[in-house]
Protein chains: 2
Amino acid sequence: MSEVYKALADPTRRHILEMLRTSEMSAGQIAEQVHVSKPTLSGHLNVLKAAELVDVTRHGTTLIYRLNTSVLEEAIFALMSAFKIGAPTEQADIKGAAHAAKE
Amino acid sequence: MSEVYKALADPTRRHILEMLRTSEMSAGQIAEQVHVSKPTLSGHLNVLKAAELVDVTRHGTTLIYRLNTSVLEEAIFALMSAFKIGAPTEQADIKGAAHAAKE
DNA sequence: TATTTATTTCGCTATTTCACAAAATAACAA
DNA sequence: TTGTTATTTTGTGAAATAGCGAAATAAATA
């Protein structure tokens with residue numbers, strides 16, 4: 001579980017996770033949008049894989065990464081329960097959170 | 001915002017935050033339960049303060065730390081929103097109403 | 001003013017993290 | 001087998017992080 005927090009601590013990794021939310025992607029496709037060297041990207045993907053935040057399957061020479069939503073959900077709800085924070089009840093909360101997420 | 005994730009990445013700091021959930025505490029009281037040296041603890045408290053996860057007020061010679069729940073809530077809801085992970089309550093209702101339940 | 005208590009800052013070491021270029025590996029096609 | 005593409009592993013260096021003991025600071029009290 002602690003590995004999940006560490007994985008989320010890096011902005012590049014959070015960006016990758018957000019990209020994978022829409023659809024699964026190969027490492028090469030990710031590399032087109034994340035401007036770090038391939039070795040660096042590979043390292044980030046390994047951290048995400050170790051935290052089980054992403055799953056990988058090979059298709060020929062390409063590796064397909066996809067978001068493991070359940071692990072992310074578990075982490076978020078673990079945080080919520082650890083601090084006894086309830087679900088938001090107003091749309092304003094959701095908008096506020098969406099705005100904060102872009103920073 | 002990124003500072004919040006980094007602050008949460010360390011298990012000692014998460015422990016401190018959980019302690020502060022119940023009630024505010026002085027640095028000395030925190031030190032009794034967190035077994036690191038005082039300089040190390042002071043460093044952790046500074047990280048939490050920089051992320052605005054805690055507020056500090058001085059009472060005489062002692063510094064009182066208390067959890068800034070709103071910043072923690074914002075971080076959690078930012079995560080939920082970024083990954084479209086819905087709370088199983090009103091948030092789902094709002095989304096469902098807004099998008100006419102399609103996906 | 002001098003002392004005591006609570007906490008921080010300073011100075012240092014060890015470990016981890018992030019980044020890159022170059023070399024290596026995996027799968028496939030010719 | 002040789003070559004091509006996709007991706008990772010290796011090696012290295014710079015910067016950040018966590019840890020500690022010793023010294024410094026802030027506030028209260030004698």
Side-chain angles (χ1 to χ4, degrees), chain A residues 1-20 22-68 71 75 103, chain B residues 1-20 22-68 71-72 75:
Chain A
M1 169 58 74
S2 189
E3 289 184 304
V4 174
Y5 292 110
K6 270 191 242 171
L8 289 172
D10 183 87
T12 298
R13 287 193 290 265
R14 290 198 302 276
H15 183 213
I16 294 170
L17 291 176
E18 290 185 35
M19 287 165 57
L20 292 177
T22 310
S23 74
E24 64 185 28
M25 298 175 80
S26 68
Q29 287 176 311
I30 296 171
E32 288 171 18
Q33 297 183 46
V34 175
H35 295 105
V36 296
S37 71
K38 280 158 194 250
T40 300
L41 175 59
S42 187
H44 282 308
L45 292 173
N46 269 332
V47 171
L48 294 174
K49 193 166 54 181
E52 293 185 277
L53 283 166
V54 299
D55 294 322
V56 199
T57 52
R58 182 179 278 280
H59 281 245
T61 57
T62 78
L63 291 181
I64 305 294
Y65 287 85
R66 71 171 188 285
L67 189 63
N68 187 343
V71 169
E103 302 175 15
Chain B
M1 169 55 74
S2 190
E3 289 184 305
V4 173
Y5 292 110
K6 271 191 238 169
L8 288 172
D10 183 89
T12 299
R13 287 193 291 265
R14 289 198 304 276
H15 183 212
I16 293 170
L17 290 176
E18 290 185 35
M19 288 165 57
L20 292 178
T22 310
S23 74
E24 62 185 29
M25 299 175 81
S26 68
Q29 288 176 310
I30 297 172
E32 289 170 16
Q33 298 185 44
V34 175
H35 296 105
V36 297
S37 71
K38 281 158 193 252
T40 299
L41 174 59
S42 186
H44 282 309
L45 291 173
N46 270 333
V47 172
L48 293 174
K49 194 165 55 179
E52 294 185 276
L53 282 166
V54 298
D55 294 323
V56 199
T57 52
R58 181 179 279 279
H59 282 243
T61 57
T62 77
L63 291 182
I64 305 295
Y65 287 85
R66 72 171 186 287
L67 189 63
N68 186 345
V71 169
L72 200 50

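Each chain gets a letter, A, B and so on, in the order the sequences are listed, and its residues count up from 1.
Taking atom CD of residue Glu32(A) and atom P of nucleotide dT5(D), one finds them 15 Å apart after rounding to whole Å. Whole-Å rounding puts the Leu45(A) CG to dT9(D) C1' distance at 14 Å. Asp10(A) has its CG atom 14 Å from the C1' atom of dA15(D), to the nearest Å. For Lys49(A) and dT8(D), the NZ to P distance is 7 Å, given to the nearest whole Å. For Leu41(A) and dC18(C), the CG to P distance is 13 Å, given to the nearest whole Å. Between the CE atom of Met25(B) and the C1' atom of dT7(C) there is a distance of 15 Å, given to the nearest Å. If you take NZ of Lys38(B) and C1' of dA24(D), they are 15 Å apart, rounded to a whole angstrom. We find that CG of Leu63(B) is positioned 12 Å from P of dA28(D), with the value rounded to whole Å.
Where Lys6(A) and Arg58(A) each meet DNA chain C at their nearest nucleotide, the meeting point lying more 5' is that of Lys6(A).
At the phosphate of dT8(C), OP1 or OP2 sits under 4.0 Å from a side-chain N or O atom of Tyr65(B). For the OP1/OP2 pair of dT7(D) and a distance below 4.0 Å, the side-chain nitrogens and oxygens of Asn46(A) include no atom meeting the criterion.
In the set dA19(C), dT8(D), dC28(C), dC28(C) carries the atom at the smallest distance from any side-chain atom of Thr61(A). Of the candidates dA18(D), dG19(D), dT8(C), dA18(D) carries the atom nearest the Arg13(B) side chain, counting heavy atoms from C-beta on. Comparing atom distances between the Thr12(B) side chain and each of dT8(D), dG19(D), dT8(C) picks out dG19(D) as nearest. Taking only side-chain atoms of Thr40(B), from C-beta outward, the nucleotide of dC20(D), dT7(C), dT9(D) with the closest atom is dC20(D). Among dT7(D), dT8(C), dC18(C), the nucleotide with an atom closest to any side-chain atom of Pro39(B) is dT8(C). When distances run from any side-chain atom of His44(B) to the nucleotides dA18(D), dT8(C), dT8(D), the shortest one goes to dA18(D). Of all nucleotides listed (dT8(D), dC20(D), dT7(D)), dC20(D) comes nearest to the side chain of Val36(B).
For the pair Ile30(B) and Met19(B), the tightest heavy-atom approach, listed with the atom from each and the gap, is CA-CE, 3.8 Å.
Between Val34(B) and Thr40(B) the shortest side-chain heavy-atom distance does not fall below 4.5 Å. Two residues are said to be in side-chain contact when any heavy atoms from C-beta on lie closer than 4.5 Å; Leu45(A) and Val54(A) fail this criterion.
In terms of modelled atom types and a separation under 3.5 Å, the side chain of Arg13(A) and the main chain of Leu8(A) share no donor-acceptor contact.
None of Leu20(B), Thr57(B), Val56(B) except one satisfies the side-chain contact (heavy atoms from CB on, under 4.5 Å) rule with Arg66(B); the exception is Thr57(B).
Contacts of Thr62(A) with the nucleic acid, taken as non-hydrogen atoms under 4.0 Å apart, involve only primed sugar atoms and P, OP1 or OP2. Ser37(B) comes within 4.0 angstrom of a base, heavy atoms only.
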